[in-house]
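Step one of this worksheet: look at the structure below.
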Amino acid sequence: MPKRPPLHAKADDKARERRNDQARGSARARGYTAQWDREARAFLLLNPVCAYCDADGRTAAAKVVDHLYPQRQWPGAFWERRWWVPSCRPCHDGMKQQVERQGREAIDDLARRLGMPTMGEAARG
């Protein structure tokens, strides 16, 4: 019976993560400044429940302010509070990342599910 080749995925994944982190710059370089920290804390005080969980009938404490339209794709959306979403860490790091990888239509669908304007609707007025 043939032997299975060795798996080196973990080392490859770590190297890819390091390259990605270096390419995107530090959090401060991406706009996450002291001003952002203050604004995000204030936003979470007013919006303490994860909007993604809430839309699915669950309840979880929001710990992160998510940019519905990620700034790496739409830099002008960073300070647009209408697209800030209170999020728990599992939703932010899991489901939302999957939606972002699916592209703009998937994000627009998520915006509609949350009762938020899409980027196209906001541009029209």
Side-chain angles (χ1 to χ4, degrees):
M1 185 178 261
K3 281 189 166 184
R4 190 162 110 184
L7 298 177
H8 300 287
K10 289 195 186 246
D12 292 342
D13 288 346
K14 288 184 187 237
R16 185 176 51 250
E17 284 177 24
R18 259 192 309 279
R19 284 192 307 276
N20 289 343
D21 284 346
Q22 289 170 348
R24 72 184 191 153
S26 70
R28 292 293 185 221
R30 294 190 321 268
Y32 295 96
T33 61
Q35 179 185 0
W36 166 258
D37 294 342
R38 285 189 301 275
E39 298 286 335
R41 273 194 305 274
F43 183 81
L44 290 174
L45 283 173
L46 295 172
N47 302 279
V49 176
C50 174
Y52 301 124
C53 286
D54 192 45
D56 286 339
R58 300 184 319 267
T59 302
K63 301 293 183 182
V64 180
V65 177
D66 182 41
H67 293 92
L68 181 63
Y69 291 94
Q71 68 158 350
R72 70 180 169 276
Q73 295 166 326
W74 297 280
F78 188 86
W79 286 106
E80 288 286 339
R81 286 174 176 79
R82 65 184 152 187
W83 292 313
W84 289 4
V85 180
S87 177
C88 65
R89 188 62 73 180
C91 285
H92 177 269
D93 294 351
M95 176 278 299
K96 178 61 184 346
Q97 301 301 314
Q98 291 173 346
V99 170
E100 287 178 16
R101 285 190 289 276
Q102 293 171 15
R104 167 86 179 263
E105 280 187 40
I107 297 171
D108 285 347
D109 288 344
L110 182 57
R112 287 184 201 97
R113 212 171 107 222
L114 296 173
M116 301 172 77
T118 66
M119 194 170 274
E121 292 165 351
R124 286 190 296 262

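Contact check on Asp108 versus Arg113 returns no salt bridge, with no Lys/Arg side-chain nitrogen under 4.0 Å from an Asp/Glu carboxylate oxygen.
Of all heavy-atom pairs between Lys96 and Leu68, the closest is NZ-O, 3.1 Å. Annotation for Ala55 and Leu114: closest pair CB-CD2, 3.9 Å, computed over non-hydrogen atoms. Minimum heavy-atom separation, Pro117 to Ala111: O-CB, 3.9 Å. Here the closest heavy-atom approach between residue Cys88 and residue Ala61 is recorded as CB-O, 3.5 Å.
Rounded to the nearest 0.5 Å, atoms NZ (Lys63) and SG (Cys91) are 13.5 Å apart. We find the CH2-CD distance between Trp79 and Gln35 to be 4.0 Å, quoted to the nearest 0.5 Å. Between the CZ atom of Arg82 and the OH atom of Tyr69 there is a distance of 10.0 Å, given to the nearest 0.5 Å.
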(request) Would you sort out whether Arg89 and Asp66 count as a salt bridge (Lys or Arg N to Asp or Glu O under 4.0 Å), showing the intermediate values? (result) CA-CA 10 Å; Arg89 188 62 73 180; Asp66 182 41; over 6 Å; no
(message) ring-ring contact (aromatic ring centres under 6.0 Å, His included) for Trp84 and His92? Distances and angles first, verdict last.
(response) CA-CA 12 Å; Trp84 289 4; His92 177 269; over 10 Å; no
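When side chains are defined from C-beta on, Pro70 counts as touching Glu100, because their heavy atoms get closer than 4.5 Å. Between Leu44 and Val65, some side-chain heavy-atom pair lies under the 4.5 Å cut-off. The side-chain heavy atoms of Pro86 and Tyr52, taken from C-beta on, include no pair separated by under 4.5 Å. In this structure, His67 and Trp83 have side chains that are not in contact, with every pair of non-hydrogen atoms separated by 4.5 Å or more.
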